[in-house]
There are 2 protein chains.
Amino acid sequence: MATPQTLDRTLTALADPTRRAILQRLSSGEARVTEIAQPFSMSLNAVSKHILVLERAKLVRRRKVGRDHFLSYRPEPLTTAAEWIVSTRSFWASRLDALEELLREEDATKP
Amino acid sequence: MATPQTLDRTLTALADPTRRAILQRLSSGEARVTEIAQPFSMSLNAVSKHILVLERAKLVRRRKVGRDHFLSYRPEPLTTAAEWIVSTRSFWASRLDALEELLREEDATKP
DNA sequence: AATATATTCAACCATTTGGTTGAATGTACA
DNA sequence: TGTACATTCAACCAAATGGTTGAATATATT
């Protein structure tokens, strides 16, 4: 439904390099909190907080197995964000072709 | 080139409802600062600051004519943002079709 | 039972953010 | 020239953000 709140949460979550890195890590598969935190030069707690932000934005889902929390990437909200971009493009028409082409290219190289 | 900094500025700029509203306003054509500020229930100064954020993100361009500053929408950075989304999708493949279709629909209804 | 591991909760702190008001700057106009 | 208008600059403020450390909770292992 793309409520402004949803869009807010999505874009706010994406507007941080640490959180984008976490998403990129998760885009290649599930991981536990500690595993996600490992490459970062900040405390585990800090990463835990970032994960909460991503979870609130529904970009990440948590599956608890015993003491381990497995996080996975949920890309659905990105579609909402894309919808906003499209709805705002207007005289952006010329750029649209480029985006469509880009999407198609990616589709070809990553089957 | 999609430096992380560029992406940061773009997404940070988009992560505020006032700024998204300003962009939407501008997507239907140029406007002066006062015109842009008029519908908002905040001070002109506050809106002026938001415009600066959008300008820093290169989502808005300023053309000065006498005492008037005309702002226009520059959608290029959105392409960078879209690139990031695409590069992170990975097992998002199924959603991609939906996005492509969406783009095509929009293209049909808004010639 | 005792200990180690995985994670969050809570309190705290510095910086950023989004807003305010009042003054300054530059341009248009009578 | 004087005055109105368009905009930014500067100082300030409250709340949010992104980080820290230390304690709490829950599960696993010995």
Side-chain angles (χ1 to χ4, degrees), chain A residues 4-26 29-74 77, chain B residues 4-26 29-74 77:
Chain A
Q5 220 189 6
T6 299
L7 196 51
D8 255 13
R9 291 205 176 121
T10 304
L11 292 171
T12 299
L14 291 179
D16 179 280
T18 302
R19 288 193 290 264
R20 286 198 302 277
I22 291 174
L23 281 190
Q24 228 142 18
R25 165 71 173 80
L26 288 178
E30 268 194 344
R32 293 179 308 116
V33 175
T34 312
E35 288 167 359
I36 293 168
Q38 187 263 319
F40 294 101
S41 60
M42 69 182 70
S43 74
L44 175 66
N45 278 4
V47 173
S48 173
K49 277 191 186 180
H50 280 301
I51 292 173
L52 281 178
V53 173
L54 290 168
E55 220 184 344
R56 219 183 41 193
K58 299 207 169 69
L59 282 162
V60 151
R61 183 177 160 200
R62 186 184 306 256
R63 180 173 66 91
K64 298 183 188 175
V65 176
R67 61 185 171 179
D68 295 325
H69 298 202
F70 289 95
L71 288 319
S72 57
Y73 178 36
R74 304 266 106 188
Chain B
Q5 221 189 7
T6 300
L7 195 52
D8 255 14
R9 290 204 176 122
T10 304
L11 292 171
T12 299
L14 291 179
D16 180 280
T18 303
R19 288 194 290 265
R20 286 198 303 277
I22 292 174
L23 281 190
Q24 228 144 18
R25 165 72 173 80
L26 288 178
E30 268 193 344
R32 293 177 309 116
V33 176
T34 313
E35 290 166 356
I36 293 168
Q38 187 262 319
F40 294 100
S41 61
M42 68 181 71
S43 75
L44 175 65
N45 278 6
V47 173
S48 173
K49 278 191 186 180
H50 280 301
I51 292 172
L52 280 177
V53 173
L54 290 168
E55 220 183 345
R56 217 184 43 193
K58 298 205 168 72
L59 282 162
V60 151
R61 185 176 159 202
R62 187 184 304 257
R63 182 173 64 91
K64 299 184 188 176
V65 176
R67 62 185 170 177
D68 295 325
H69 297 201
F70 290 94
L71 288 318
S72 56
Y73 179 35
R74 303 267 107 188

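Throughout, a chain's letter reflects where its sequence line sits, starting with A, and its residues are numbered from 1. In what follows, every heavy atom counts, from backbone to side chain, and hydrogens, waters and symmetry copies are set aside.
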(message) Between B:Arg19 (side chain only) and B:Ala13 (backbone N and O only), is there a donor and an acceptor less than 3.5 Å apart?
(response) yes
(message) Using whole Å, what does the distance between atom P of nucleotide C:dT17 and atom CG of A:Asp8 come to?
(response) 15 Å
(request) Would you kindly give the CZ-to-P distance between B:Phe70 and C:dT27, to the nearest whole Å? (result) 15 Å
(request) Starting from the 5' end of DNA chain D, give me the residue, A:Thr12 or A:Val65, whose nearest nucleotide shows up first. (result) A:Thr12
(request) Check the distance between D:dA6's C1' and B:Lys64's NZ and give it to me in whole angstrom. (result) 12 Å
(request) Scan residues 37-51 of chain A against DNA chain D and write down, sorted by residue number, each residue with any heavy atom closer than 4.0 Å; if none is found, say none. (result) A:Met42, A:Ser43, A:Asn45, A:Ala46, A:Lys49, A:His50
(message) Can you say whether a donor on the side chain of A:Arg67 sits under 3.5 Å from an acceptor on the base of C:dT5, or the other way round?
(response) yes
(message) Taking the nucleotide of DNA chain D with the nearest heavy atom to each, does A:Gly66 or A:Thr18 sit closer to the 5' end?
(response) A:Thr18
(request) May I have the distance from B:Arg63 (atom CZ) to D:dT7 (atom C1'), rounded to whole angstrom? (result) 16 Å
(request) Determine the minimum heavy-atom distance between A:Leu44 and A:Ala37, stating which atoms define it. (result) CD1-CB, 3.6 Å
(request) Taking all non-hydrogen atoms of both residues into account, name the closest pair between A:Arg9 and A:Arg56 and its distance. (result) CD-O, 3.7 Å
(request) Mark yes or no for whether B:Glu35, through its side chain, and B:Arg32, through its backbone, hold a donor-acceptor pair below 3.5 Å. (result) yes
(request) Could you tell me whether the phosphate oxygens of C:dA6, OP1 or OP2, come under 4.0 Å of any side-chain nitrogen or oxygen in A:His69? (result) no
(message) How many whole angstroms separate atom CG of B:Asp68 from atom C1' of C:dT27?
(response) 9 Å
(request) Round to a whole Å and report the spacing from CG of A:Leu52 to P of D:dG18. (result) 13 Å
(request) Establish, with yes or no, whether the OP1 or OP2 oxygen of C:dT7 is under 4.0 angstrom from a side-chain nitrogen or oxygen of A:Arg62. (result) no
(request) Name all residues meeting the side-chain hydrogen bond (donor to acceptor under 3.5 Å, both in side chains) criterion together with A:Glu30; count only those two or more places apart in sequence or in a different chain, and write none if there are none. (result) A:Arg63
(request) Walk me through it: do B:Leu59 and B:Leu26 pass the test side-chain contact (heavy atoms from CB on, under 4.5 Å)? (result) CA-CA 10 Å; B:Leu59 282 162; B:Leu26 288 178; over 6 Å; no
(request) Return yes when atom CZ of B:Arg61 has more than 12 non-hydrogen atoms of other residues, nucleotides or ligands closer than 6.0 Å, and no otherwise. (result) no
